[in-house]
Amino acid sequence: VWSMAKAVEANTVNDPRRAAVVFGTAHSTKGRQVKKVVLLDDFRTPFELESSRSEKITAGEWTNTDEVAQAEEINMLYVAGTRAQDLLVVPARIAEDL
């Protein structure tokens, strides 16, 4: 792992316009557009979010904090997915639920 990290570091550029690949969080891409976006499989699907919400409501554990957190999570999926100008690659697990 150390040698891979060093190889990545050695090929890193500070200006994203010069980079072949840019890694970023959904938060860091807000307001930017790029040609191609590949989403990773770390978003919860709308079905997973709704199931979690229903379970917490049934258990009487749903709070305003949960409501805000879920809205933010849905918004981040939207932000990440709408950065692409030409190509958006969505993991199958997420795409099947959209």
Side-chain angles (χ1 to χ4, degrees):
V1 172
W2 182 255
S3 62
M4 287 189 294
K6 285 295 189 185
V8 168
E9 185 179 19
N11 290 290
T12 300
V13 296
N14 290 328
D15 183 354
R17 294 171 295 181
R18 293 184 46 229
V21 175
V22 176
F23 293 93
T25 64
H27 286 93
S28 70
T29 62
K30 196 169 185 177
R32 295 175 39 201
Q33 294 290 304
V34 294
K35 297 285 183 196
K36 300 173 187 172
V37 171
V38 178
L39 297 182
L40 298 182
D41 197 18
D42 59 346
F43 289 98
R44 291 195 295 166
T45 69
F47 177 78
E48 290 167 343
L49 290 168
E50 184 54 35
S51 293
S52 173
R53 180 178 185 272
S54 293
E55 289 171 11
K56 283 188 164 192
I57 288 173
T58 300
E61 299 171 353
W62 186 254
T63 66
N64 287 341
T65 302
D66 294 318
E67 189 76 35
V68 170
Q70 185 172 22
E72 287 177 1
E73 194 162 350
I74 292 167
N75 187 53
M76 282 299 101
L77 179 57
Y78 168 80
V79 167
T82 56
R83 302 305 93 196
Q85 293 174 315
D86 297 333
L87 176 69
L88 173 62
V89 178
V90 179
R93 181 183 69 79
I94 297 170
E96 290 167 357
D97 194 30
L98 296 178

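Predicted model only: the values in this text are computed from it and were never measured.
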ILVMFWY network linking Met76 to Val38, side-chain heavy atoms under 4.5 angstrom: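 Different clusters.
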Co-members of [X] in a cluster of I, L, V, M, F, W and Y side chains, linked at under 4.5 Å:
X	answer
Met4	Val1
Trp62	Ile57
Phe47	none
Val13	none

Looking at residues at least two apart in the chain, or sitting in another chain, which of them share a side-chain contact (heavy atoms from CB on, under 4.5 Å) with Glu73?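 For Glu73 the side-chain contact (heavy atoms from CB on, under 4.5 Å) partners, ignoring immediate neighbours, are Arg44, Leu49.
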side-chain contact (heavy atoms from CB on, under 4.5 Å) involving Thr63 - partner list, sequence neighbours excluded: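 For Thr63 the side-chain contact (heavy atoms from CB on, under 4.5 Å) partners, ignoring immediate neighbours, are Thr65, Asp66.
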With sequence neighbours excluded, tell me which residues meet salt bridge (Lys or Arg N to Asp or Glu O under 4.0 Å) with Lys6.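 Partners of Lys6 by the salt bridge (Lys or Arg N to Asp or Glu O under 4.0 Å) criterion, ordered by chain and then number, come out as Glu9.
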Residues in salt bridge (Lys or Arg N to Asp or Glu O under 4.0 Å) with Glu50, at least two apart?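 Residues passing salt bridge (Lys or Arg N to Asp or Glu O under 4.0 Å) with Glu50: Arg53.
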Considering only residues two or more places apart or on different chains, which pairs with a residue in residues 87-98 satisfy salt bridge (Lys or Arg N to Asp or Glu O under 4.0 Å)?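 Only Asp41-Arg93, Glu48-Arg93 qualify under salt bridge (Lys or Arg N to Asp or Glu O under 4.0 Å).
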Can you give each donor-acceptor pair under 3.5 Å made by side-chain atoms of residues 81-91, sequence neighbours left out, with the distance rounded to 0.1 Å?
from  : atom 1 : to    : atom 2 : distance (Å)
Thr82 : OG1    : Tyr78 : O      : 2.8
Thr82 : OG1    : Val79 : O      : 3.3
Arg83 : NE     : Val79 : O      : 2.6
Arg83 : NH1    : Arg32 : O      : 3.3

Donor-acceptor list for residues 14-28 side chains, cut-off 3.5 Å, not counting sequence neighbours:
from  : atom 1 : to    : atom 2 : distance (Å)
Asp15 : OD1    : Arg17 : N      : 3.0
Asp15 : OD1    : Arg17 : NE     : 3.0
Asp15 : OD2    : Arg17 : NE     : 3.4
Asp15 : OD2    : Arg17 : NH2    : 3.0
Thr25 : OG1    : His27 : N      : 3.4
Thr25 : OG1    : Ser28 : N      : 3.0
Thr25 : OG1    : Ser28 : OG     : 3.4
Ser28 : OG     : Thr25 : N      : 3.0
Ser28 : OG     : Thr25 : O      : 2.9

